[in-house]
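Notes for the one structure printed next.
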Amino acid sequence: MARRRQLYEGKAKILFEGPEPGTIVQYFKDDATAFNAQKKGTITGKGVLNNRISEYLMQRLTEIGIPNHFIRRLNMREQLVREVEIIPLEVVVRNVAAGSLATRLGIQEGTRLPRSIIEYYYKNDALQDPMVSEEHITAFGWASTHDLDDIVQLTLRVNDFLTGLLLGVGITLVDFKLEFGRLWENDEMRIVLADEISPDNCRLWDLKTGEKMDKDRFRRDLGKVEEGYQEVARRLGILPEAGVRDMKGPEVMQ
Ligand code: TMP
């Protein structure tokens with residue numbers, strides 16, 4: 001079998017050239033890093049779960065008209081996506097104070113924010129992804145004001161939709177990170193959602209107990225990391241119990 005050409009290896013995924021022009025295969029690894037890769041480890045089964053969770057959420061977003069790069073899942077660890085030009089920004093949305101916001105501004109973790117807050121970080125490992133403002137983004141040409149308008153609109157829609165979807169299965173969407181890319185079709189450019197949406201880049205707390213079900217279990221050495229990711233998949237009704245064909249719909253919490 002011909003080996004596929006590897007395009008890029010990131011901390012949690014490897015990108016390969018796809019079978020058709022304009023497509024890419026995203027391979028989900030079990031590797032986990034935190035604090036700009038100062039902490040490294042593996043979470044057994046994480047790649048399989050993130051591949052499935054991200055597929056599920058991207059499909060639900062497609063259904064409500066949020067353009068994204070997802071085409072289809074290929075197997076347990078790989079999905080086919082459209083090739084996009086990644087905008088070098090990490091777009092973070094926060095609904096509840098946690099993580100760096102809680103630390104930086106001295107706000108008690110768990111405090112509900114008066115409204116959803118969007119933050120931008122410049123995607124640059126060597127600089128440790130510094131926080132930037134709209135001024136930096138437009139001045140340095142990473143995105144135009146028009147691109148940013150689209151990004152904010154899409155981000156707020158994703159936040160509202162995912163907040164409701166997760167609330168329905170007993171999970172609080174505390175915060176999460178999105179990435180966007182430019183997709184050209186004919187001569188038209190569209191901003192689309194890219195990367196992944198999974199417990200690697202969301203904070204997900206049990207609605208009743210506040211228990212963490214995301215990468216903070218790894219970052220903070222809380223144990224039962226894989227179990228947290230599995231519980232998210234189970235509640236969404238997509239934990240493959242008897243193989244990948246056994247997938248139920250979401251389990252509604254009372
Ligand atoms: P933070 O509180 O550490 O700034 O993280 C905010 C959200 O962004 C949280 O859901 C985790 C996610 N995130 C990433 O996906 N990648 C990153 O490199 C960082 C720092 C955070």
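Residue numbers count from 1 along this sequence. First listed ligand is number 1; within each ligand, the first listed atom is number 1. In this text the structure is predicted, and so the values were computed from the model without any measurement.
Ion pairing between Arg220 and Glu109 holds under the 4.0 Å rule for side-chain N and carboxylate O. Between Glu231 and Arg217 there is no salt bridge, since no side-chain N of the basic residue sits under 4.0 Å from a carboxylate O of the acidic one.
The aromatic rings of Trp142 and Tyr122 lie parallel to each other, with less than 30° between the two planes, well short of the 60° mark.
Summary of contacts: the protein heavy atom closest to atom 1 (P) of ligand 1 is Ser100 OG, 3.4 Å. Residue, atom and distance of the protein heavy atom nearest to atom 20 (C) of ligand 1 are Glu90 OE1, 4.9 Å. Among protein heavy atoms, atom 10 (O) of ligand 1 sits closest to Asp175 OD1, 2.6 Å. For atom 14 (C) of ligand 1, the nearest protein heavy atom (residue, atom name, distance) is Lys177 CE, 3.6 Å. In terms of protein heavy atoms, atom 6 (C) of ligand 1 is closest to Arg203 NH1, 3.6 Å.
Taking Met131 as the reference, Arg104, Glu119, Tyr121 meet the side-chain contact (heavy atoms from CB on, under 4.5 Å) condition, with sequence neighbours excluded.
Residue Arg94 approaches ligand 1 through these ligand atoms, each under 4.0 Å from one of its heavy atoms: 1 (P), 2 (O), 4 (O), 6 (C). The Gly99 neighbourhood of ligand 1 comprises atoms 2 (O), with distances under 4.0 Å to a heavy atom of that residue. Atoms of ligand 1 lying under 4.0 Å from at least one heavy atom of Asn201, given by number and element, are 10 (O), 12 (C), 15 (O). Short contacts between ligand 1 and Val92, defined as distances under 4.0 Å to a heavy atom of the residue, involve ligand atoms 6 (C), 8 (O). The Cys202 neighbourhood of ligand 1 comprises atoms 10 (O), with distances under 4.0 Å to a heavy atom of that residue. Within ligand 1, the atoms closer than 4.0 Å to a non-hydrogen atom of Phe176 are 10 (O), numbered from 1 in the order shown.
Using a distance-only test at 3.5 Å, with no hydrogens or angles considered, a donor-acceptor pair links the side chain of Asp30 to the main chain of Gly45. A side-chain donor-acceptor contact under 3.5 Å links Lys46 to the backbone of Asp31. The backbone N or O of Arg4 lies less than 3.5 Å from no partner atom in the side chain of Glu17, so there is not a single donor-acceptor pair. The main-chain N or O of Ile191 is never found under 3.5 Å from a side-chain atom of Asp150 such that the two would form a donor-acceptor pair.
There is a protein heavy atom less than 4.0 angstrom from atom 17 (C) of ligand 1.
Of the N and O atoms on the side chains of Thr172 and Arg112, not one donor lies less than 3.5 Å from an acceptor on the other residue.
Contacts between Lys215 and ligand 1, counted as non-hydrogen atom pairs separated by less than 4.0 Å, are absent for every part of the residue.
For the residues Arg219, Glu179, Glu196, the heavy atom positioned nearest atom 21 (C) of ligand 1 is part of Arg219.
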